[in-house]
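I have placed the structure first, in the form of structure tokens, so that the comments after it can refer back to it.
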Protein chains: 2
Amino acid sequence: MNNELPVSGIQVIDRAVALLDALAREPGPASLKVLSAETGLHPSTAFRILAALSEHDLVGRDGANLYRLGPHLLRLAGRVSVALDLREAARPVMEWLRDQVGESVNLTVREGDQVVYVERAIPNRMMRVEQVIGSRAPLHVTAVGKLMLGEAGKEAIQDYARRCGLPAYTANTRGTERSLLLDIDASMARGYALDDEEAELGVGCIGVLVRDTGGAAVAGLSVSAPMERRRPEWVPLVEEAGRRISERLGYKSSQG
Amino acid sequence: MNNELPVSGIQVIDRAVALLDALAREPGPASLKVLSAETGLHPSTAFRILAALSEHDLVGRDGANLYRLGPHLLRLAGRVSVALDLREAARPVMEWLRDQVGESVNLTVREGDQVVYVERAIPNRMMRVEQVIGSRAPLHVTAVGKLMLGEAGKEAIQDYARRCGLPAYTANTRGTERSLLLDIDASMARGYALDDEEAELGVGCIGVLVRDTGGAAVAGLSVSAPMERRRPEWVPLVEEAGRRISERLGYKSSQG
DNA sequence: ATAATGCGTTTCATAATGCGGAATAATGTA
DNA sequence: TACATTATTCCGCATTATGAAACGCATTAT
């Protein structure tokens with residue numbers, strides 16, 4: 001009863017994904033009634049698809065009449081390739097960094113023209129910045145996204161700017177190719193990037209790149225905090241954490 | 001070209017899951033050729049389904065011709081309800097326990113007649129016991145599974161025994177209702193359970209239950225180690241870890 | 001250079017597949 | 001107990017996914 005779903009060419013798959021997404025949106029288990037209403041599917045259709053998904057453990061059942069997401073999703077998610085070694089390597093370092101700064105730490109990878117959040121460590125505070133694992137953001141409004149663009153070279157940045165049009169998320173978003181290029185240049189030169197309320201008002205980030213054995217930038221690490229709590233002295237800590245994760249991935253950072 | 005797939009009543013979903021599983025089996029990205037061969041699907045069919053899954057980010061693409069599991073799986077897995085708060089609460093304690101004993105620590109929940117591994121902490125050693133997140137094992141061959149049976153009561157154990165027939169995984173598996181009942185009785189009485197090479201030769205476990213606010217056993221926590229390295233003095237550590245996780249879930253353990 | 005091979009992708013006629021209305025069963029409620 | 005609501009099964013129909021074949025595009029072999 002809300003958003004229009006992407007159409008993939010296979011109806012059943014669109015519908016199955018719609019049901020999985022509806023289940024993900026629910027706080028707890030959900031009934032067939034709710035799910036068919038939520039997705040706009042005929043109850044009998046929703047039932048049949050849910051039964052099929054149950055058969056594969058993509059959904060599970062509580063009691064007789066309640067559906068929830070199933071454990072097979074955990075197995076599949078554990079094999080999301082790009083994030084496998086990376087997440088394992090990053091997690092303890094991310095927790096260290098979170099404890100150092102007391103703010104949310106995120107790990108992202110590039111996926112086309114966006115970054116995807118693949119791992120996080122959140123502090124135990126009332127007010128904190130919280131990203132959903134698997135969610136996305138455009139490259140030009142995030143600290144690590146800007147570094148990833150910088151890594152790809154000036155032409156790639158221009159391509160990106162034309163392709164996406166640099167939509168503004170706040171008044172601070174780098175909305176012109178020129179301002180974006182300047183920002184990226186400065187960020188690449190000093191080795192870390194900032195996001196000064198460019199994605200969301202009140203939120204500031206400090207980000208660095210994470211590299212693997214071959215020196216390729218495979219991920220981004222960032223601290224996200226309410227703007228008024230962000231401190232410049234975190235920069236070396238974020239850099240240190242990025243270096244540690246890169247080392248765990250086999251990157252030799254010893255270049256003068 | 002291998003296992004027979006469960007048939008769910010919806011062909012496309014069976015096939016889509018087969019493709020996802022095939023991708024999960026691959027160490028890295030896989031080509032259409034490989035995937036269609038692996039699943040026995042016509043290349044054109046596999047292509048169409050993979051394209052549909054891509055549209056929903058359930059699969060992603062590397063370069064032009066390589067498929068891999070997609071980031072939307074991370075988002076969905078993050079919402080697998082039973083494991084949400086639980087995993088978050090358990091993770092730091094699991095890491096503490098892993099560092100104490102230097103062996104693999106697993107968190108499991110009951111799912112029908114099996115336990116499902118939902119979280120783990122593995123030590124940095126050459127030889128270690130390693131469970132795949134999302135994989136399953138029958139209740140009667142695992143330490144925590146036996147506790148979960150005990151929690152359900154004698155009748156439930158007998159039902160289970162008749163339903164599943166207590167298949168033997170090793171010579172040590174409790175293969176009779178009598179031996180299983182005795183073991184479970186003893187385990188419940190002392191508050192922890194052992195698995196003495198009952199699931200796999202050479203592997204021993206120590207397990208305890210994790211409880212939530214209401215006192216319900218929502219999960220199991222266990223240490224799995226090569227049999228010759230397992231130490232009885234770990235028992236209080238495992239109990240301590242179980243208690244800490246339960247406390248983080250709101251359970252008041254102050255009884256007796 | 002040129003042909004040949006081996007992929008990935010698109011097209012399209014066909015029938016098998018999933019669809020949804022309606023009937024039935026199960027569950028919850030007054 | 002009767003009623004209302006929800007879950008599940010059934011089944012004829014048309015939509016849907018199917019897979020053979022053709023096409024495009026590299027890369028490799030000749």
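Chain letters run A, B, ... following the sequence lines, proteins first, then strands; residues in each count from 1.
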Exercise. A/Lys33: what forms a side-chain contact (heavy atoms from CB on, under 4.5 Å) with it, not counting sequence neighbours?
Worked result: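 Partners of A/Lys33 under the side-chain contact (heavy atoms from CB on, under 4.5 Å) test: A/Ser31.
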
Problem set entry | With A/Ala161 via side-chain contact (heavy atoms from CB on, under 4.5 Å) - residues at least two apart | A/Leu166, A/Glu177

My understanding is that only residues two or more places apart in sequence, or in another chain, count here; which of them pass side chain to side chain donor-acceptor pair (under 3.5 Å) with [X]?
| X | value |
| --- | --- |
| A/Thr176 | A/Ser179 |
| A/Arg162 | none |
| B/Arg110 | none |
| B/Asn65 | none |

Exercise. Which ranges of DNA chain D pair up as stems, where a stem means three or more consecutive Watson-Crick or G-U pairs with both distances under 3.5 Å?
Worked result: C:1-30 with D:1-30

For this session: At the 4.0 Å heavy-atom cut-off to chain A, mark where contacts on DNA chain C begin and end, going 5' to 3'.
Result: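 Range of nucleotides touched by chain A: C/dG18 to C/dG21.
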
Sequence neighbours left out, cut at 3.5 Å: what donor-acceptor pairs do the side chains of residues 40-52 of chain B make with other protein atoms?
from	atom 1	to	atom 2	distance (Å)
B/His42	ND1	B/Ser44	N	3.1

Exercise. Is any side-chain heavy atom of B/Met148 closer than 4.5 Å to a side-chain heavy atom of B/Val115?
Worked result: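 Heavy-atom side-chain distance check passes, below 4.5 Å.
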
Problem set entry | Results of ring pair (Phe, Tyr, Trp, His ring centres under 6.0 Å) for A/His72 - residues two or more places apart only |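 Per chain and number, A/His72 pairs via ring pair (Phe, Tyr, Trp, His ring centres under 6.0 Å) with no residue.
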
For this session: Please name all residues satisfying ring pair (Phe, Tyr, Trp, His ring centres under 6.0 Å) with A/Tyr160, sequence neighbours left out, ordered by chain then number.
Result: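 Applying ring pair (Phe, Tyr, Trp, His ring centres under 6.0 Å) to A/Tyr160 gives A/His140.
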
Seminar exercise, completed: Per-nucleotide protein contact along nucleotides 4-22 of chain D, 5' to 3', at a 4.0 Å heavy-atom cut-off (B base, S sugar-phosphate only, - neither), is --SSBB------SSBBB--

